[in-house]
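Have a look at the structure below, then the notes.
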Amino acid sequence: MINQELSEIFNTIADALEFKGENPFKINAYRKASRILKDFSENLREFSEDHPLTCISGIGDGIAKKIKEYIATGKVSKLEEVRKDIPAGIFEMVRIQYLGPKTLKLAYEKLGVGSLKQLKKVINDGSLSRIPGMGPRKVERIMDAIHLSETTQMKNKRFVIGELFPVIEEIVSKLKNVADEVVPCGSYRRMKETLGDINLLATSNQKKKVIDFFVSLQNIDEVLNVGPTKAIVLLKNPSLQVDLRVVNPDSFGASLQYFTGSKAHNVALRTIAKSRGLKINEYGVYKTNRKVAGKTEESIYSSIGLEFIPPEIREDTGEIELAKEHALPKIIDYRDFKGDLHIHSNYSDGIESIAELANHAKKMGFKYIAICDHSRSVTYAGGLSKDKLLEKNEEIDRLNKKLKNFTVLKGTEVDILSSGRLDYPDSILETLDIVIAAIHQGFRRNVTARLIDAMNNPLVNIIAHPTGRLINIRNGYDVDLDKVFEQAQKTGTILEINAYYERLDLNDRHANKAKSMGIHFSIGTDAHNIGMLKYWKLGVGIARRAWLEKNDVINCYPLRKLKAIL
DNA sequence: GCCGTTTTCGGCCCGACTGTTTTCAGTCG
């Protein structure tokens, strides 16, 4: 993907300039561009055809020119130029913790170190620690970091957010024994689909006590960093970094804001504050030495004239400009969610009975659920024969008579076969309240055409997990999403945001694009057991990141309106 | 290299922790 490639190129240019000791602000401009392009929602090649690249905030004439050069020629001459006289090994070593540009430059100039192999040599023979400015402890730290980077292969490894739910929950509940408040922040609070680390914020007037407790928790492999208000540890299993910051209760809002990020969002906020003669840090907002805000997160935003911005959209992708105008859309709230529309029961490959699922969902506060078991061809997942499906319908009818203020919808996740046909005839689909069509086979066979055919059937309400990707496991189907979106727009077909944590499909960027075309969405956990129902929140999180509003998501509709749209 | 509710020039977020220093540089988030 070209965006990714350009992102890496500008990051490497930044590394090179940093090694050379050039203007830090110029370096920062490249880093910023790298970050922007990595998360940019459109394909840059196509985007550049009908937009000036400089309309992207953070991309100016210089970088725009380099992007165009890359599109035209497949290379960026600036990159060739700056890395010409730097050994290639430097670019690998700079990824290792504690090996920054200054340290690498020192080792290069004094000892000619240009590769990891050479670095290890000067560590082992003691020459590195004899350089002025270095010392035994610094060298030891570097040695550990090298070891870590070689043994764990966790280079840039990001964890799927749902996998970390239990890990976060456990640490938070333990910390609550010693701290007043404990809140997970960072990309978890922003509901990104993957997390690189865990950031925890605690409030307490006895900070040291909280920190001491934290660094002595079980399951800690190594304490990387510990001070009076902050500690960083490396967990054993899973092997990831957890940062804890402890502040006084009166700084809670400021710290929450600071620790939630994103970094780009925070930098933009602090810049606005500065232009207004204010200073934002993690303790509050200050006018010279007087604190003017900090207790709540809302107070931080209002102190610099901004509307409150929900965590999930703090990515500096236009939310700040709208907040200045007090014109942010009212994005879907977790409380708007009325029920899960994609659940499997023990009729196919789920664990629990429909009654058990219904009772549990009702306790969770849902108003309805849809039971959408697999269709007959999906034999490996216990797909239902026609007769079995009709039998299931009858069971649901009986159950609905007994349930109060709760409804089970009769559904299916019907397969779109390799031939392009649906796995049930229309006469069967007609007996259902909700029909989700999905591809589980033939991932490379005319996927786009098959999806379009399915959408042309008026009995099909929803397309499940439209791209078929599994995060960190496999790429999606061979599908042209633009065509799928066009067809969904034309036919009024609803697209699923599958909330299972390995899918999250559509993702935030796709959903945002589809919304702009007026497409509606349904959120389904694809739960195969009761424990998976809780991941509905991930679906809403993705919807929020996609800037969807209540009306865009059919799970927010009361039952009558839901049935009407189906 | 980017950007503009002081500006097309002259700024560019802010602080914690570590280690090597005797007041601060480097790295990280």
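Letters A, B, ... mirror the listed sequences (proteins, then strands); counts begin at 1.
- Between the C1' atoms of B:dA25 and B:dT21, the separation comes to 9 Å (whole Å).
- B:dT21 atom C1' lies 17 Å from atom NZ of A:Lys102, rounded to whole Å.
- A ring-centre distance under 6.0 Å is found for A:Tyr535 and A:Phe165.
- Comparing B:dC13 with B:dC2, their P atoms are spaced 15 Å from each other, to the whole Å.
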Stepwise side-chain hydrogen bond (donor to acceptor under 3.5 Å, both in side chains) test for A:Glu502 and A:Asn472: CA-CA 8 Å; A:Glu502 280 180 343; A:Asn472 289 351; over 6 Å; no
Residue pair A:Glu193, A:Arg469: steps toward the salt bridge (charged side-chain N to carboxylate O under 4.0 Å, His left out) verdict: CA-CA 13 Å; A:Glu193 60 191 34; A:Arg469 65 98 176 245; 2.9 Å; yes
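- Between A:Gln97 and A:Ile280, the residue whose closest nucleotide on DNA chain B is further toward the 5' end is A:Ile280.
- Residue-environment remark: CD (A:Gln4) exceeds the threshold of 12 foreign heavy atoms within 6.0 Å.
- Among the nucleotides B:dC17, B:dG1, B:dG26, the one closest to the side chain of A:Lys66 is B:dG1.
- The residue among A:Lys138 and A:Leu99 whose nearest nucleotide of DNA chain B lies closer to the 5′ end is A:Lys138.
- We find that CZ of A:Phe25 is positioned 11 Å from C1' of B:dG10, with the value rounded to whole Å.
- Atom CG of A:Leu106 and atom C1' of B:dG19 are 14 Å apart (whole Å).
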Identify the pairs formed between an N or O of the protein and an N or O of nucleotides 2-6 of chain B at a distance under 3.5 Å, and give each distance.
unit_1 : atom_1 : unit_2  : atom_2 : d
B:dC2  : OP1    : A:Gly60 : N      : 2.6
B:dC2  : OP1    : A:Gly60 : O      : 3.2
B:dC2  : OP1    : A:Ile63 : N      : 3.1
B:dC2  : OP2    : A:Gly62 : N      : 3.0
B:dC3  : OP1    : A:Gly58 : N      : 2.5

